[in-house]
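Inspection log for the structure reproduced underneath, given as structure tokens.
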Amino acid sequence: MARQRARKPSKPQSKSPSWGIIVALLLLVGGGAYLWLSSSKSEQSSSGQVENKPALAHIKAVKVFVENSGSMDGYVRAVNSQLKSDLNALVSGMSILKDPTSSAPLVDTIELNYINSELIPIKSSISRFTETLSVQAFRDYGGSRASTSLQDLLERVQRITAPEEVSIFISDMILDLQSGQSAESVSTNIETTLRRHLMNRPHWAVVVWRMESDFDGTYYEAGAKVALKAKRPYYILMMGDQAQLYSLLSKGQLPDNLPFYKHRTHQMILEQTMDDLQYTISPSAISGSLALDRNDKHTIHEAKVGKQPSGARAFAFEVKMYPPQTLQDEARLLTPASYEVLPATYRLSKVRRGNDGAIYLRIESPEVVLGAVTVSLMQMMPQWVNSVHAEANTAILDPKNLSRTYGIKYILEGLSRPYESSSAKLFTLQVNLKE
């Protein structure tokens with residue numbers, strides 16, 4: 001006999017939430033999940049890093065040049081001179097670097113020098129060289145310590161840095177005008193010399209670090225000598241072909257915890273345009289919809305605007321860029337203001353580092369404008385230069401002048417202008433939007 005199905009006891013009816021409200025909530029949650037998934041879908045499908053690290057360029061020599069003019073005495077007299085300890089850590093770290101792919105040493109030799117009106121080679125170990133940096137050593141090794149022409153020093157360091165070599169120049173970078181010179185003429189001379197150099201060394205690059213150290217000595221103002229004990233800026237300039245500088249300074253080469261990093265307050269990096277940029281378009285739009293071209297990974301079809309969580313309508317998508325072989329630091333690469341986007345209808349709303357190591361650039365527009373959309377990392381003079389520049393070499397004891405360097409703007413502008421004109425865009429990625 002068939003078993004009779006038991007009936008459920010009847011319950012009193014109660015008011016339940018409207019199905020319309022439930023559906024709306026599901027759509028809201030689902031929409032947020034979709035935005036998250038669409039931005040991370042392409043990185044989840046990748047295991048590990050997005051690309052193998054390229055083999056690093058070999059370096060025949062790292063040449064160190066410490067300016068030993070009288071204005072530098074205060075940095076080496078200080079009991080706990082950060083200049084001495086930071087220079088030791090930097091150069092020692094470079095001397096033991098290895099190629100991560102072959103474990104072979106990257107640097108053949110380290111050459112140590114003083115420099116003023118003369119070039120003075122020092123035969124010593126790195127640790128001994130930095131330990132014995134002192135006013136007495138500066139004097140004993142000679143040269144003209146009274147007046148130093150920065151334009152001549154920079155030109156000399158450039159000239160004696162051969163291919164596959166890197167030079168490190170340490171100086172207070174205080175402008176010392178000769179009779180009849182102006183700051184503008186020094187800036188022009190530095191620019192002209194560098195332009196000529198770039199004709200023969202097109203891959204030449206310059207890295208400028210602004211550092212801080214204790215200073216205990218005489219500061220030479222215009223027409224006066226001032227006893228000074230305070231924190232003062234100095235500069236480390238690294239110069240050579242871009243590939244060699246990349247071998248020394250790319251992420252993961254020098255340990256991130258080296259103490260000199262906390263004494264580096266600012267940096268400026270000058271390099272040539274990179275042409276081998278690799279990038280793809282993420283398959284799902286962040287807002288709206290798109291269809292990728294099967295034959296061209298840089299082309300979008302059927303782009304449409306969509307409604308964002310804010311209620312605004314926009315078309316937004318991401319470009320996945322493989323980490324470029326650039327000297328620019330992470331912070332600059334991840335700052336939207338570092339880039340120029342054309343046409344102006346589009347903007348870069350976000351730049352992030354993905355879990356897979358790639359850089360994701362989010363491009364959006366309130367409307368779909370067909371044609372080429374370009375995103376370029378611009379070469380520009382950093383804003384910090386004006387804030388640390390002193391127009392006159394006076395009143396060093398005024399607290400606001402202690403962190404400033406007389407004439408530094410003119411020196412760095414002379415170095416920057418050749419790159420701003422020949423390599424205004426460090427790299428450009430282009431996406432084509434078609435019907």
Side-chain angles (χ1 to χ4, degrees), residues 62-69 71-97 110 112 114-115 126-135 137-138 150 166-174 206-217 219 228-239 245 248-270 327-332 382-390 396 399-409 411-412 415:
V62 171
K63 297 180 175 180
V64 180
F65 302 92
V66 177
E67 183 189 351
N68 68 326
S69 63
S71 66
M72 291 287 290
D73 287 355
Y75 294 102
V76 296
R77 180 182 286 115
V79 176
N80 296 312
S81 168
Q82 287 81 28
L83 182 151
K84 294 166 65 172
S85 60
D86 290 348
L87 180 60
N88 180 61
L90 177 64
V91 180
S92 296
M94 289 180 173
S95 70
I96 59 174
L97 286 178
I110 304 288
L112 306 171
Y114 289 151
I115 189 168
I126 298 168
S127 59
R128 183 64 180 162
F129 174 72
T130 54
E131 286 170 4
T132 56
L133 285 175
S134 65
V135 176
F138 277 5
L150 276 173
V166 169
S167 284
I168 301 175
F169 174 54
I170 295 91
S171 169
D172 57 13
M173 298 292 282
I174 295 173
V206 180
V207 175
V208 179
W209 288 357
R210 181 185 181 273
M211 310 290 291
E212 278 191 346
S213 178
D214 288 336
F215 182 97
D216 183 6
Y219 182 86
L228 181 64
K229 188 173 184 179
K231 288 281 188 186
R232 284 286 296 157
Y234 75 97
Y235 291 81
I236 297 177
L237 277 69
M238 289 170 273
M239 296 172 274
L245 284 173
L248 296 175
L249 302 176
S250 60
K251 188 174 178 61
Q253 282 299 93
L254 292 172
D256 292 336
N257 62 350
L258 285 177
F260 61 77
Y261 285 123
K262 66 182 178 183
H263 301 138
R264 184 184 67 184
T265 63
H266 301 90
Q267 67 176 345
M268 181 177 83
I269 298 170
L270 304 169
L327 297 170
Q328 306 300 314
D329 67 341
E330 178 98 346
R332 185 150 194 268
Q383 294 181 350
W384 62 262
V385 174
N386 284 326
S387 68
V388 303
H389 166 74
I396 188 61
K400 69 176 183 292
N401 289 334
L402 288 174
S403 63
R404 295 177 178 174
T405 301
Y406 169 56
I408 189 63
K409 178 182 74 172
I411 297 165
L412 297 185
L415 292 173

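Note that this is a predicted model, so its numbers are computed, not measured.
With sequence neighbours left out, the ring-ring contact (aromatic ring centres under 6.0 Å, His included) criterion links H263 to no other residue. In terms of the ring-ring contact (aromatic ring centres under 6.0 Å, His included) criterion, Y219 has no residue partners (sequence neighbours excluded). By the side-chain hydrogen bond (donor to acceptor under 3.5 Å, both in side chains) test, S387 is found to be paired with no residue, residues two or more places apart in sequence or in another chain being considered. Residues forming a side-chain hydrogen bond (donor to acceptor under 3.5 Å, both in side chains) with S81 (at least two apart in sequence, or on another chain): none. For the ring-ring contact (aromatic ring centres under 6.0 Å, His included) test, no residue two or more places apart in sequence or in another chain qualifies with Y235. Qualifying side-chain hydrogen bond (donor to acceptor under 3.5 Å, both in side chains) partners for Q328, counting only residues two or more places apart in sequence or in other chains: E271, R332. Contacts of F215 classified as ring-ring contact (aromatic ring centres under 6.0 Å, His included), with partners at least two apart in sequence or in another chain: Y75. The side chain to side chain contact (heavy atoms under 4.5 Å, CB included) test applied to K231 returns Q82, D214, not counting sequence neighbours. The side chain to side chain contact (heavy atoms under 4.5 Å, CB included) check on T265 picks up R210, E212, with sequence neighbours excluded. With sequence neighbours left out, the side chain to side chain contact (heavy atoms under 4.5 Å, CB included) criterion links S127 to N88, S125, E131. For the side-chain hydrogen bond (donor to acceptor under 3.5 Å, both in side chains) test, residues two or more places apart in sequence or in another chain that qualify with E330 are R353.
Side-chain contact check for L402 versus L228: some heavy-atom pair is nearer than 4.5 Å. Considering only heavy atoms from C-beta on, F138 comes within 4.5 Å of L133 through its side chain. With contacts defined as side-chain heavy-atom distances shorter than 4.5 Å, the pair L150/S171 qualifies. Side-chain contact check for I396 versus Y406: every heavy-atom pair is 4.5 Å or farther apart. Side-chain contact between M173 and V208: absent, with no pair of heavy atoms (C-beta onward) separated by less than 4.5 Å. Between L245 and I269 the shortest side-chain heavy-atom distance does not fall below 4.5 Å. The shortest side-chain heavy-atom distance between L248 and Q253 does not fall under the 4.5 Å cut-off. At least one side-chain heavy atom of D172 sits less than 4.5 Å from a side-chain heavy atom of E67.
Of the inter-residue distances, the one linking W209 atom CH2 with Y261 atom OH reads 5.0 Å to the nearest 0.5 angstrom. Here the CE-CD1 distance, from M238 to I168, works out to 6.0 Å after rounding to the nearest 0.5 Å. Expressed to the nearest 0.5 Å, how far CD1 of I236 lies from CG of L90 amounts to 5.5 Å. To the nearest 0.5 Å, the span separating CD1 on I170 from CG on N68 amounts to 11.5 Å.
Across all non-hydrogen atoms, the minimal contact from S167 to F65 is OG-CE1, 3.4 Å. The minimum heavy-atom distance between L249 and M94, with the atom names listed, is CD2-CE, 4.1 Å. Shortest non-hydrogen contact noted between W384 and Q267 is NE1-O, 3.1 Å. For the pair R232 and S403, the tightest heavy-atom approach, listed with the atom from each and the gap, is NH1-N, 4.2 Å. Residue S134 comes nearest to A137 through the heavy atom pair OG-N, 3.0 Å, listed as atom of the first residue, atom of the second, then distance. Residue I110 comes nearest to I126 through the heavy atom pair CG1-CD1, 4.1 Å, listed as atom of the first residue, atom of the second, then distance.
Under the 3.5 Å distance criterion, the side-chain polar atoms of H389 are matched with a main-chain donor or acceptor of K409.
The salt bridge (charged side-chain N to carboxylate O under 4.0 Å, His left out) contacts involving residues 77-88 comprise nothing, where partners must be two or more places apart or lie in separate chains.
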